[in-house]
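First listed ligand is number 1; within each ligand, the first listed atom is number 1.
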Amino acid sequence: MTITLEPTSTFMPTNSDLVAPTLESTPTAGDALLGNYKRAPGHFVSGQGVYLTDADGKRYLDFVSGIAVNALGYGDEGLRAAMHAAADGLIHISNLYASQAGERLAASLVEKSFASKVFFCNSGAEANEGAFKFARRWARTRGEVKHEIIALRGAFHGRLFGTLAATDRPSYRIPFRPLAGGIGIVERDIDDLAVALNPETVAAVILEPIQGEGGVRVLDPGFVREVRALTKERDVALIFDEIQCGLGRTGTLFAYEQFGAVPDILTLAKPLAGGLPMGAILMTEEIAATIKPGDHGTTFGGGPFMASVANHVMERVSDPRFLRHVADNGAWFGKQLNDLAMRTGRIRAVRGLGYMWGFDVMGTAAHVVSEAFQAGLLTCTAGEYTVRLLPPLVATRDELALGLGILEEIL
Ligand SMILES: Cc1ncc(COP(=O)(O)O)c(C=O)c1O
């Protein structure tokens, strides 16, 4: 395996920094990248199905899927054909002009959801930032000071200024204060929310039906329904962030279908365009009616290339047989994971739905992720003690079982 060199220790300028780099002093390509990620060693060079292969030819079973992006796995024929067809057409035209593929994608999302309008953007954080703006725009038609956004304990909604303020991770927030104002975090408790939701000042509540980064916490459907009832009663918009748990990952196209509560706004991203950067904001007619030309925009959102690939992904992940496969295998996987916890005695809790699972370990999750990596299984963390499993949605039961076998060995 190719090992990227660790960046050199603290940078101490010396005279040699003033001369042109020689062959010996030229930094490796990896050194030129900002050090904001703690990456695993080596380089992946190819992928097929649910496997990635590194530069030394070692194969890894992938239970990360590019963090819930690669729903169709690697080397998928249909996705490849959709990308080739998209590349033969228009790539970008700007939102000054209509994109047929974007219109088709929006129509499909509307047809399959509660929404009546869709806005396209480029990432999850951008989708949530847009959702905050749309919620505030709507709220301002109800009252001049109605503007606050409330997120829940354990939430992760992104790393931009607005979304970071709605993300409950002190280590992500503290170095960047002051964050955007008018955004707060409240406990996952209906009584606390009842106190916080002042109808005069609060515009929206945002929640992930399954908190991903916050430890794969499936919110109690009863609680979600209570939040829906409370937000309706207080005239507060409800935003569901389904960036990680949406588009088939839980075994239904949208996670909210399993919670018995329908939001006013829903955000999507990760798997939407098969690995290309794309986000979407779905909303009711009532919210959409308050948005006027010029209120919001983005250069690339919903462009023809991205949207035509996303149309292919939508067709695939909304197929009822595909969703059945995720729901059935996901339920089986959860049972196996619980059995594994009983057998090994090394797991403190198991949580999840569909192809989105987390388990709490005795030591640190990073330790397990690193051992799994050595053993050829890709996993990731969700907080300090939770190992998160996000297999590609195309993974078969046998492939899921293989991953469980590796986990059992290392636990
Ligand atoms: C639930 C949720 N919301 C928002 C985001 C942010 O998405 P992005 O990284 O595309 O900005 C993520 C990313 O992990 C997420 O899981």
Do T298 and E126 meet the criterion of a side-chain donor-acceptor pair at a distance under 3.5 Å?
-> yes
Distance in Å, L109 CG paired with I281 CD1, rounded so as to fall on 0.5 Å steps = 12.0 Å
Measure the distance from atom 10 (O) of ligand 1 to every protein heavy atom, then report the residue, atom name and distance (to 0.1 Å) of the closest one.
-> G124 N, 2.8 Å
If you count the atoms of ligand 1 from 1 in the order shown, which ones are under 4.0 Å from a heavy atom of I243?
-> 2 (C), 3 (N), 4 (C), 5 (C), 12 (C), 15 (C)
Any K270 heavy atom less than 4.0 Å from ligand 1 = yes
Is there side-chain contact between T267 and H157, with at least one heavy-atom pair below 4.5 Å?
-> no
Any donor-acceptor N/O pair, D62 side chain to L378 backbone, under 3.5 Å = no
Ligand 1 atoms nearer than 4.0 angstrom to some heavy atom of E213 are 14 (O)
Protein residue, atom and distance nearest to atom 5 (C) of ligand 1, heavy-atom basis = F156 CE2, 3.7 Å
Pair H296 + F119: ring centers closer than 6.0 Å = yes
Which atoms of ligand 1 sit under 4.0 Å from any heavy atom of E208?
-> 1 (C)
Cation over ring, R59 on Y51, under 6.0 Å and within 45°?
-> yes
Think R159 forms a cation-pi with Y172, using NZ or CZ under 6.0 Å from the six-ring centre and within 45 degrees of its axis?
-> yes
Taking distance alone, with no angle check, do Q244 and ligand 1 share an N/O pair under 3.5 Å?
-> yes
Given E129, Q211, E126, H157, which has its nearest heavy atom closest to atom 4 (C) of ligand 1?
-> H157
By number and element, which atoms of ligand 1 are closer than 4.0 Å to a non-hydrogen atom of N128?
-> 3 (N), 4 (C)
Does a side-chain heavy-atom distance below 4.5 Å link L105 with F120?
-> yes
From atom 6 (C) of ligand 1, work out which of S123, A125, C121, G212 has a heavy atom at the shortest distance.
-> A125
Close approach of D241 to ligand 1, heavy atoms, under 4.0 angstrom | yes
